[in-house]
Amino acid sequence: MMGQRIPIKTRAEIEAMRESGRHVAEILLILRDAAKPGVTTAELDIIAAKEIEARGLTSSFLGYDPGGLPPYPAVVCVSVNDEIVHGIPGKRVLEQGDLLSIDFGIHYQGFHGDSACTIPVGQVSEEARDLMETTHDALYKGIEQMVPGKRLSDIGHAVQTRAEAAGYGVVRQFVGHGIGRVMHELPQIPNYGRPNRGPRLVSGMVFAIEPMINAGSEGVRMLDDEWTAVTADGELSAHFEHTVLITDDGPEVLTRVEGSH
Ligand code: MF3
Ligand code: CO
């Protein structure tokens with residue numbers, strides 16, 4: 001694709017992104033542990049906001065304005081069951097058996113980190129577990145493609161192939177993205193597509209890869225809050241995301257610490 005200039009990070013920038021990624025990973029682990037039956041989604045937001053404050057970070061999400069929408073009102077996105085992405089924290093009480101997606105991003109020393117995971121609240125159905133595991137696996141199939149010399153569309157192709165092999169629907173309406181000094185940099189990274197298209201991948205590029213996979217069809221419907229995306233058919237959805245650096249030695253997941261997804 002002509003004219004797409006994908007930022008290449010310097011060594012110093014990469015060091016800063018490792019730090020912001022580590023904070024994201026650590027806080028996501030805290031949120032995962034806190035997400036138990038009886039806890040409200042607003043309580044998860046408060047826990048995340050306290051960590052942001054204590055660590056001297058800034059939220060990437062709070063006040064985020066993609067244009068034409070009300071600014072995003074919280075520091076995490078919490079999407080339950082048929083909610084795909086961008087669920088707004090509130091009074092909803094988590095229940096045993098819920099499938100919960102938590103999406104979290106911060107800004108630190110000039111750079112953003114962005115990651116998401118889907119977790120079971122207590123015990124979930126076999127169907128929910130399979131969707132969750134498949135989506136996680138699809139994320140890593142995409143990450144595996146992040147080596148110099150591969151092309152951009154190889155990532156989405158690998159994600160789509162894994163998800164569709166399991167009979168699931170790949171959400172088209174939301175995509176992964178370059179990430180750095182701004183949360184959404186070039187390029188956009190769809191979770192589907194034909195292989196061997198688009199720019200060559202180069203060491204020093206950093207992408208947030210984030211498949212959203214539906215148990216049923218890929219169709220999306222928006223709620224009246226203008227942010228929450230739900231499955232059109234009411235079936236479950238899962239979402240995993242990592243911020244990943246391309247290096248000559250292969251992909252380096254910046255938003256992972258011991259115990260992370
Ligand atoms: N991971 C999501 C994305 O890249 C997070 C955005 S949440 C928002 O779109 F609140 F900032 F919109
Ligand atoms: Co993202």
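Quick caveat: nothing in here was measured; it's all calculated off a predicted structure. In this chain, residues are counted from 1 in sequence order. Order of appearance sets the numbers: ligands from 1, and atoms from 1 within every ligand.
Looking at P66 against ligand 1, nothing comes within 4.0 Å, counting heavy atoms.
Counting protein heavy atoms only, atom 10 (F) of ligand 1 is closest to Y72 CG, 3.0 Å. Among protein heavy atoms, atom 2 (C) of ligand 1 sits closest to D103 OD2, 3.1 Å. C77 SG, 3.5 Å is the protein heavy atom nearest to atom 7 (S) of ligand 1. Nearest to atom 6 (C) of ligand 1 among the protein's heavy atoms is H86 NE2, 3.7 Å.
With salt bridges taken as basic N to acidic carboxylate O contacts below 4.0 Å, none links E126 and R129. Ion pairing of R11 with E15 is absent here, as no side-chain N (NZ or NE/NH1/NH2) approaches a carboxylate O to less than 4.0 Å.
When distances from the Co ion (ligand 2) to the N, O or S atoms of D114 are compared, OD2 comes out shortest. Restricting E241 to its N, O or S atoms, the one at the least distance from the Co ion (ligand 2) is OE2.
Near Y64, meaning under 4.0 Å from any of its heavy atoms, are these atoms of ligand 1: 8 (C), 11 (F), 12 (F). For ligand 1, the atoms closer than 4.0 angstrom to any heavy atom of W227 are 12 (F). Listed by number with element, the atoms of ligand 1 under 4.0 Å from a non-hydrogen atom of M183 are 11 (F).
The shortest N or O to N or O distance between E241 and ligand 1 is below 3.5 Å. Considering both main-chain and side-chain atoms, E210 comes within under 3.5 Å of ligand 1 through a nitrogen or oxygen pair.
Residues A116 and L28 approach most closely at N-CD1, 4.1 Å, considering heavy atoms.
Between the Co ion (ligand 2) and H177 there is an N/O/S contact shorter than 2.8 Å. The Co ion (ligand 2) has an N, O or S atom of E210 closer than 2.8 Å.
Shown are V85, I213, T231, N214; of these, the side-chain contact (heavy atoms from CB on, under 4.5 Å) with V171 is made only by N214.
The backbone N or O of V170 sits less than 3.5 Å from a side-chain atom of R172, completing a donor-acceptor pair. At distances below 3.5 Å, at least one donor-acceptor pair connects side-chain atoms of S115 with backbone N or O atoms of E241.
Taking the six-membered ring for Trp and thresholds of 30 and 60 degrees, H107 and H112 have ring planes inclined between 30 and 60 degrees apart. Under the 30°/60° scheme for interplanar angles, the aromatic rings of W227 and Y72 are found to stand perpendicular.
Side-chain contact, Y64 with H86: no donor N or O sits under 3.5 Å from an acceptor N or O.
Within the 4.5 Å cutoff, the side chain of T228 has no heavy atoms near those of the S79 side chain. Between R162 and T134 the shortest side-chain heavy-atom distance falls below 4.5 Å.
Distances shorter than 4.0 angstrom do not occur between any heavy atom of F174 and any atom of ligand 1. Ligand 1 lies out of reach of A116, whose nearest heavy atom is not under 4.0 Å from it.
Relative to atom 9 (O) of ligand 1, the option among H112, H177, H184 with the closest non-hydrogen atom is H184.
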